[in-house]
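Read the numbers this way: they start at 1 and go in the same order the structure lists the ligands and their atoms. Because only heavy atoms are used, hydrogens play no part in the values below, and waters and symmetry mates are left out as well, while side chains stay in.
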Amino acid sequence: MTASSKKLYIKTFGCQMNVYDSGRMNDALAADGFEPTDAPENADLIILNTCHIREKAAEKVYSEIGRLKVLREKRRADGKETMIGVAGCVAQAEGEEIVRRAPAVDLVIGPQSYHRLPALLRKAQSGAVVETEFPQEDKFDHLPAATPKRLRQAGPTAFLTIQEGCDKFCTFCVVPYTRGAEVSRPVAALIAEAGDLAAAGVREVTLLGQNVNAYHGADTDGATVGLAGLIERLAAITGLDRIRYTTSHPRDMDDALIAAHRDIPALMPYLHLPVQSGSDRILKAMNRRHTRDSYLRLIEKIRAARPDIALSGDFIVGFPGETDADFADTLRIVEEAGYAQAFSFKYSPRPGTPAATMDEQVPEDVKKERLAALQAAINDGQQAFNTAMVGRDVDILIEKPGRKPGQMVGRSPYLQSVIVDLPTESRGDIVTVTITNAGPNSLTGMVGGRDRDEPAAQPLEAAF
Ligand code: 5AD
Ligand code: SF4
C-alpha cells in the first residue's frame, strides 16, 4: 500500500456539527495521504462519527461495528488490511468500553482530539488506542485548513463550527458531558475560514455550536465579541450572501443578536430556538432556566425586530413526571409561538444525566401517543406557514439536483426546501422564484411565474 493510495470512509451520524467534524477529520488525514471514498469496501480506514443524544445510540454503534468486522474479514482474505475507528459522542461517552466489547476497533477518539488523529492512528498500528481526554491545547489551533479539493467540492452551502460544548446542564442532555465546557473559537480564525469558504464559492454559511448564541470569541485586540458582532463581520465578506446559526438557547438571545436580525440583511430570517416543553413545572425539572412566559415574551421581542422570522424549535415529550396537563401546555405553546418548523422527540434516558434516574419515568406507549399528537400540531403549523408563501416571490439559493430530471432544489430565506425547474448549472445561483404550491415539507416554485401587475401576497407574518 503506497501512501497516496490510502482510502478513508467516514460514516456520520447525528447533528450538523458531526458533519462539520467529519470534514475536518478528512482534512487532518489528507495530510497523511488519505483520500475520501464513498465505498466502505474500498477503505483502508473506516471511521464511525457517532451521536449519543438519543435512543440506543451505543447499541447502534456496536451493531455497525459488527457489520464492519465482516467487511474487514472479506478484505483481509484479499490481502488488504482495514483499520476501524470510533469517533464522536459515543466514543467520548463509552471510551474503553468500546474496545472491551468490540476488540475489532483500533481507535476510539473523542471530539476534542481530532487534530491528533494521524499520530493516534500510527500508535494504533501496534494495539488499540483510546483517547477521550479533553486536551489542554485547542484542536482548532492544530487542525489543518480544508484541502483545496474539499473546498471545491463544498458547493454553495457550508457549516462552520464557531463554538463547542455547553455549560447549561439541562437535566436530560448528554452534551455537557460529551462535548465538555463551552469554548468559543477566536474571531480571526473564523473570518479566515469563512473567507476561504466564500472564495471557493460558498454563498451560505451556517454557524454551528451546541449553544451557538452563547458565543464569546476573542478578537485580535483581546476584546470579547458576541454572536451579533461575529455575524456583522462575516456579513462583510464578499460573496457570503447568507448567514444562519444553530442551535440557540433562549437565555442567550441578547438584544444585540435580536437587533442583528433587524439590521443585517445577510442574516437569514430563521431562528431555531428550542423550548423543549410548554410546562413551567417540566421546564424547571429540565433545568432550562426559562419559563413558558419568558420564552413567549422573547419571541414577541424577536418578531418586533424581524416580523417575518421563521421560528423553529425542539420539543421533548415524556420527560419524567410529565402529566397530561403538562403535555397540554406543550401543545398550547406550539399554537402560541407559531412555529414554521419544529422537531420533537420522545424523552430518552441518557446514562449519567440527572433525569435518567428521576422517579416517574413515563411509559413508552404514553410517550408515543404524545409524540404523535405533538407532531400533528407541528405539522399543521408548518403547513400554514408554507401555505402563506404561495404567490410570493422568494429568493432561493439553488443547492442540488431534485429527484426528477430538470429539477433543482434550493432553500428559501426561511429554510424551506423549494423545488424548481432549472438547469444543473444554476447550482449556487440565488434565483427569485414565485411559489406555486406548498406541502408541509417542501414548496414548489417557478422562475418568473407571477405577472408583475398582480398584487403581491399577504405579508408572511399575517399568517399568524
Ligand atoms: N431525550 C430526547 N431528546 C433529547 N434531546 C436532547 N437530549 C434528549 C434526550 N435525552 C433533544 C432536545 C435537543 C435536541 C438536539 O435533542 O430537544 O434540543
Ligand atoms: Fe443540551 Fe442544549 Fe441544554 Fe446544553 S442547552 S444542556 S446542549 S439541551
Side-chain angles (χ1 to χ4, degrees), residues 13-20 50-60 88-90 92-93 111 159 161-184 206-216 227 245-253 271-279 282-290 294-295 298 311-322 327 330 333-334 337 339 341-358 361-364 366-368 370-371 374-375 378:
F13 301 82
C15 67
Q16 293 152 326
M17 192 175 286
N18 268 9
V19 175
Y20 176 83
T50 61
C51 170
H52 204 225
I53 196 94
R54 285 177 298 272
E55 288 150 24
K56 299 182 178 67
E59 293 312 312
K60 269 194 241 162
C89 293
V90 174
Q92 186 64 43
F159 296 130
T161 292
I162 66 166
Q163 177 278 340
E164 244 186 293
C166 182
D167 297 339
K168 293 283 189 298
F169 289 92
C170 298
T171 53
F172 53 81
C173 187
V174 80
V175 165
Y177 311 96
T178 54
R179 290 276 172 169
E182 245 179 63
V183 179
S184 295
T206 301
L207 310 178
L208 300 180
Q210 272 92 22
N211 218 187
V212 74
N213 56 343
Y215 175 83
H216 54 282
L227 182 57
Y245 61 91
T246 196
T247 180
S248 306
H249 192 285
R251 280 285 288 256
D252 295 311
M253 207 65 218
L271 175 63
H272 184 242
L273 195 65
V275 68
Q276 312 294 359
S277 167
S279 153
I282 297 298
L283 287 171
K284 192 149 193 270
M286 286 177 163
N287 190 33
R288 286 290 294 175
R289 306 185 220 190
H290 61 77
S294 69
Y295 180 83
L298 178 61
L311 180 66
S312 164
D314 289 344
F315 291 90
I316 295 177
V317 297
F319 184 83
E322 187 187 69
F327 179 62
T330 296
I333 209 169
V334 172
Y339 290 95
Q341 192 188 32
F343 305 91
S344 47
F345 313 101
K346 286 185 288 186
Y347 169 68
S348 154
R350 303 285 77 206
T353 60
T357 50
M358 282 181 186
Q361 296 287 329
V362 174
E364 186 59 26
V366 177
K367 286 186 197 171
K368 227 170 135 182
R370 289 182 185 164
L371 186 70
L374 179 59
Q375 287 182 338
I378 289 169

Check for a donor-acceptor pair, side chain of T50 on one end and backbone N or O of A58 on the other, with a separation under 3.5 Å. no
Under 3.5 Å, is there a donor-acceptor pair between the side chain of N18 and the main chain of G88? no
To the nearest 0.5 Å, tell me how far L227 CG sits from D252 CG. 10.0 Å
Of the protein's non-hydrogen atoms, which lies at the shortest distance from atom 3 (Fe) of ligand 2, and what is that distance? C170 SG, 2.3 Å
Taken to the nearest 0.5 Å, the spacing of I333 CD1 from S277 OG works out to 8.0 Å
In Å, rounded to the nearest 0.5 Å, how long is the span from CZ of R288 to OH of Y295? 9.0 Å
Atom 2 (C) of ligand 1 [closest protein heavy-atom partner, distance rounded to 0.1 Å]: K346 O, 3.3 Å
Take Y177 and T353, measure what side chain to side chain contact (heavy atoms under 4.5 Å, CB included) needs, and give me the verdict at the end. CA-CA 9 Å; Y177 311 96; T353 60; 3.9 Å; yes
Quick one: nearest non-hydrogen protein atom to atom 7 (N) of ligand 1, plus distance? F172 CD1, 3.3 Å
In this structure, atom 10 (N) of ligand 1 is nearest to the protein heavy atom S348 O, 2.8 Å
Pull out every atom of ligand 2 sitting under 4.0 Å from any heavy atom of F172, numbered as shown with elements. 8 (S)
Measure the spacing between CD1 of I53 and CD of Q210 and express it to the nearest 0.5 Å. 8.0 Å
I'd like to check which ligand 2 atoms, numbered from 1 as shown, lie under 4.0 Å from a non-hydrogen atom of V175. 7 (S)
How far is atom 11 (C) of ligand 1 from its nearest protein heavy atom, and which residue and atom name does that atom have? R54 NH1, 3.4 Å
Numbering the atoms of ligand 2 from 1, which are under 4.0 Å from a heavy atom of P176? 6 (S)
Heavy-atom distances under 4.0 Å are what count here, so tell me which part of F169 touches ligand 2: side chain, backbone, both or neither. backbone
Just going by heavy-atom distances, which of R350, M286, H249 is nearest to atom 5 (S) of ligand 2? H249
Counting heavy atoms only, which of T247, T171, I316 comes nearest to atom 4 (C) of ligand 1? I316
Mind checking the CG-CZ spacing from L283 to F319? Nearest 0.5 Å is all I need. 9.5 Å
Give yes or no for whether the N/O distance cutoff of 3.5 Å, strictly under, is met between Q276 and ligand 1. yes
Any side-chain heavy atom of F343 within less than 4.5 Å of one from P274? no
Could you point out which residue of Q361, R54, E322 forms a side-chain contact (heavy atoms from CB on, under 4.5 Å) with Y347? Q361
What protein heavy atom lies closest to atom 2 (Fe) of ligand 2? Include the residue and the distance to one decimal. Q210 O, 4.2 Å
Tell me, please, if C166 has any N/O/S atom, main chain or side chain, under 2.8 Å from atom 4 (Fe) of ligand 2? yes
Per-atom filter on ligand 1: closer than 4.0 angstrom to a heavy atom of R350 are 10 (N)
Among H249, R179, K168, side-chain hydrogen bond (donor to acceptor under 3.5 Å, both in side chains) partner for N211: K168
Name the option, out of V317, V175, D314, V275, that contains the heavy atom nearest to atom 14 (C) of ligand 1. D314
Distance to 0.1 Å, residue and atom name: give those for the protein heavy atom nearest to atom 1 (Fe) of ligand 2. C173 SG, 2.3 Å
